[in-house]
Amino acid sequence: MAASSLLLLLADGRFPAGAHAHSGGLEAAVAAGRVTDLASLEAFLVGRLATAGLVGAAFAAAAHRAAVAGAVDPADPARSAARSRALARLDAELDARTAAPTLRAVSRRQGRALLRAGREIWPHAPFGDLPTGPGGAHQPLVLGLLCAAAGLSRTETATVSAYATVTGAASAGVRLLGLDPYRVQALLVGLADACDGTAADAARAADDPPERLPAAAAPLADIHAEVHATWEVRLFAS
């Protein structure tokens with residue numbers, strides 16, 4: 001399968017990694033009255049892209065870089081050990097950037113789901129070098145290795161990550177607010193340049209040491225995530 005087709009496959013919300021069950025924090029924002037219409041949804045998506053979108057894309061690109069660095073002989077013990085150390089550092093740094101315990105758990109849960117799909121499709125990829133602590137690895141790290149296995153570039157990896165940040169929440173907006181899906185798609189088209197720009201910034205940042213990767217935060221989103229986790233009835237997992 002061509003790399004362009006694989007990019008579309010991995011960016012598709014129907015890819016079996018459970019992303020469709022998450023609203024990216026939109027459900028709680030809607031309940032709090034902070035997102036009520038198309039204009040406020042756009043503001044929400046722009047903010048999400050600049051924070052969680054940038055951070056997730058940068059860490060996915062950095063994980064891709066770690067995977068490609070050992071691509072000459074992925075099974076070489078020395079390269080595998082180096083890759084494991086690099087991914088462990090990335091995992092710890094991303095954990096530190098995810099203030100809300102609920103969001104840390106969500107990221108690792110999505111990582112496990114994505115890893116399951118990745119192992120089925122690319123069984124020879126070095127997924128065994130991912131951190132194996134409680135909960136598994138964060139989703140962006142799994143995505144980085146999966147995209148490397150698919151032959152995507154670092155920028156394409158960051159694009160898949162950034163794209164998912166806005167499209168998942170946009171789709172949830174249609175369901176939560178009853179918005180016109182055509183107008184929501186038009187909104188996403190309008191955000192395409194911002195999405196590409198975020199991906200490009202994230203891909204460049206991946207050359208930096210893990211501790212210098214983007215750390216953009218959204219404290220209100222963290223609060224919303226913790227409140228949302230206490231609901232007995234909810235439409236989305238997060």
Peer 1: Say whether, by atom type as modelled, one donor and one acceptor occur between the side chain of Arg83 and the main chain of Ala66 under 3.5 angstrom.
Peer 2: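 Flag not set: sc Arg83 to bb Ala66 has no pair under 3.5 Å.
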
Peer 1: Taking Val55 as the starting point, is it possible to reach Leu114 by hopping between hydrophobic residues whose side chains are less than 4.5 Å apart?
Peer 2: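 Leu114 and Val55: one cluster.
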
Peer 1: What pair of heavy atoms forms the shortest contact from His224 to Ala32, and how long is it?
Peer 2: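 Looks like NE2-CB, 3.8 Å.
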
Peer 1: Check whether any side-chain N or O of Gln110 sits under 3.5 Å from a backbone N or O of Gln139 as a donor-acceptor pair, and report yes or no.
Peer 2: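 Answer holds: no.
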
Peer 1: With a 3.5 Å distance limit and no angle check, can you tell me whether Ser171 reaches the backbone of Thr167 through a side-chain donor-acceptor pair?
Peer 2: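 Looks like no, no N/O pair under 3.5 Å.
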
Peer 1: Measure across Leu176 and Glu27 and return the closest heavy-atom pair with its distance rounded to 0.1 Å.
Peer 2: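 Smallest heavy-atom distance, with atoms named: CD1-CA, 3.6 Å.
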
Peer 1: If I compare all heavy atoms of Thr165 with all of Arg48, which pair ends up nearest, and what's the gap?
Peer 2: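 It is O-NE, 3.0 Å.
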
Peer 1: Hey, is Arg183 close enough to Asp37 for a salt bridge, meaning N to O under 4.0 Å?
Peer 2: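 The answer is no: the pair does not qualify as a salt bridge.
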
Peer 1: Are Leu235 and Leu41 joined in one hydrophobic group, where the rule is that I, L, V, M, F, W and Y side chains link up if heavy atoms are under 4.5 Å apart?
Peer 2: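 Linked within one cluster.
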
Peer 1: Can you get from Val174 to Phe44 by hopping between Ile, Leu, Val, Met, Phe, Trp and Tyr side chains that sit under 4.5 Å apart?
Peer 2: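 In one cluster: yes.
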
Peer 1: Check step by step if side chain to side chain contact (heavy atoms under 4.5 Å, CB included) holds for Arg175 and Leu26.
Peer 2: CA-CA 11 Å; Arg175 296 171 64 184; Leu26 184 67; over 6 Å; no

Peer 1: Can you see which heavy atom on Thr51 is nearest to which on Ala216, and at what distance?
Peer 2: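 Nearest pair, atom of Thr51 first, then Ala216: CA-CB, 3.8 Å.
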
Peer 1: I need the Ser84 OG to Arg89 CZ distance, nearest 0.5 Å.
Peer 2: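 Rounded to the nearest 0.5 Å, the OG-CZ separation comes out at 14.0 Å.
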
Peer 1: Test your reading of the model: is there a side-chain donor-acceptor pair from Ser107 to the backbone of Leu103, 3.5 Å cut-off?
Peer 2: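 Here the side-chain-to-backbone pair does not exist.
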
Peer 1: Take His22 and Val106, measure what side chain to side chain contact (heavy atoms under 4.5 Å, CB included) needs, and give me the verdict at the end.
Peer 2: CA-CA 9 Å; His22 299 267; Val106 166; 3.8 Å; yes

Peer 1: Do Arg97 and His138 come close enough that some side-chain heavy atom pair is under 4.5 Å?
Peer 2: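 Sidechains of His138 and Arg97: no contact.
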
Peer 1: Do the side chains of Phe15 and Tyr163 join up, straight or via other hydrophobic residues, at under 4.5 Å, putting them in one cluster?
Peer 2: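 No: no chain of side-chain contacts under 4.5 Å links Phe15 to Tyr163.
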
Peer 1: When you group the ILVMFWY residues by side-chain heavy-atom contacts below 4.5 Å and let the links chain together, are Leu143 and Leu6 in the same group?
Peer 2: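 Yes; Leu143 is reachable from Leu6 via cluster members.
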
Peer 1: Looking at Arg116 and Glu120, does any basic side-chain N land under 4.0 Å from a carboxylate oxygen?
Peer 2: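 Here Arg116 does not pair with Glu120 in a salt bridge, since their nearest N and O are not under 4.0 Å apart.
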
Peer 1: Does any part of the side chain of Leu94, heavy atoms only, come nearer than 4.5 Å to the side chain of Pro140, both counted from C-beta?
Peer 2: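 Pro140 vs Leu94: side chains touch.
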
Peer 1: Provide the closest heavy-atom pair for Leu146 versus Trp122 in the form atom of the first, atom of the second, distance.
Peer 2: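 Scanning both residues, the minimum pair turns out to be CD2-CZ3, 3.4 Å.
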
Peer 1: Are Ser40 and Arg34 packed together at the side-chain level, in the sense that at least one heavy-atom pair is separated by less than 4.5 angstrom?
Peer 2: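 When only atoms from C-beta onward are counted, Arg34 and Ser40 do not touch, as no gap falls below 4.5 Å.
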
Peer 1: Would the distance check show the side chain of Arg65 and the main-chain N or O of Arg154 forming a donor-acceptor pair, the cut-off being under 3.5 Å?
Peer 2: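 Not a single qualifying donor-acceptor pair exists.
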
Peer 1: Evaluate the criterion side chain to side chain contact (heavy atoms under 4.5 Å, CB included) for residue pair Cys147 and Leu10; output intermediate values, then yes/no.
Peer 2: CA-CA 8 Å; Cys147 288; Leu10 295 175; 3.9 Å; yes

Peer 1: Heavy atoms only: give me the nearest Thr157-Ala61 pair and the separation to one decimal.
Peer 2: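 Taking Thr157 first and Ala61 second, the nearest heavy atoms are CG2-N, 4.3 Å.
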
